[in-house]
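The block underneath contains the structure these notes are about, expressed in structure tokens.
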Amino acid sequence: TDLDSIDDLLAQKNYRAAHATVDAYLQAHPHDIYARLLKIQILMDQAHYGSAAHLLEQWMLEKDNLALYAQTLHLLTYIGM
């Protein structure tokens with residue numbers, strides 16, 4: 001999938017390409033939890049904490065996003081936030 005290349009892009013610190021790839025994927029699959037978590041990871045890797053928090057707030061207000069909420073809290077705990 002398109003998301004498979006993101007890990008390589010992140011390893012290369014090619015955040016612009018990773019961001020573009022995940023944004024394009026989310027256009028076609030707006031509720032994909034894994035893609036949303038990748039987007040948060042990309043923003044956090046770039047220290048764009050406010051943008052990450054804003055997206056999380058928007059997504060958590062959507063119906064049935066308990067799984068995203070739990071996974072995001074785990075991710076944030078894992079990276080020491």
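For the atom pair H54 NE2 and H48 NE2, the distance stands at 15.0 Å (nearest 0.5 Å). Note that CG of L26 and NE2 of H31 are 10.0 Å apart. Values are rounded to the nearest 0.5 Å. Note that OG1 of T21 and CG of D8 are 10.5 Å apart. Values are rounded to the nearest 0.5 Å.
In this structure, R36 contributes its side chain and P30 its backbone to a donor-acceptor pair below 3.5 Å.
Criterion: ILVMFWY side-chain heavy atoms under 4.5 Å apart, direct or through other members. Under it, V22 and L10 are part of a common hydrophobic cluster. Tracing side-chain contacts under 4.5 Å through hydrophobic residues (I, L, V, M, F, W, Y), one reaches Y25 starting from Y15; they form part of the same cluster.
Contacts classified as salt bridge (charged side-chain N to carboxylate O under 4.0 Å, His left out) and involving residues 45-54 (residues at least two apart or in different chains) are not found.
For D23, the salt bridge (charged side-chain N to carboxylate O under 4.0 Å, His left out) criterion is met by K39, not counting sequence neighbours.
Using a 4.5 Å heavy-atom cutoff, the side chains of I42 and I6 are in contact.
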Checklist entry - Can you check side-chain contact (heavy atoms from CB on, under 4.5 Å) on Y49 and L43, steps first, answer last? => result CA-CA 7 Å; Y49 305 120; L43 290 169; over 6 Å; no
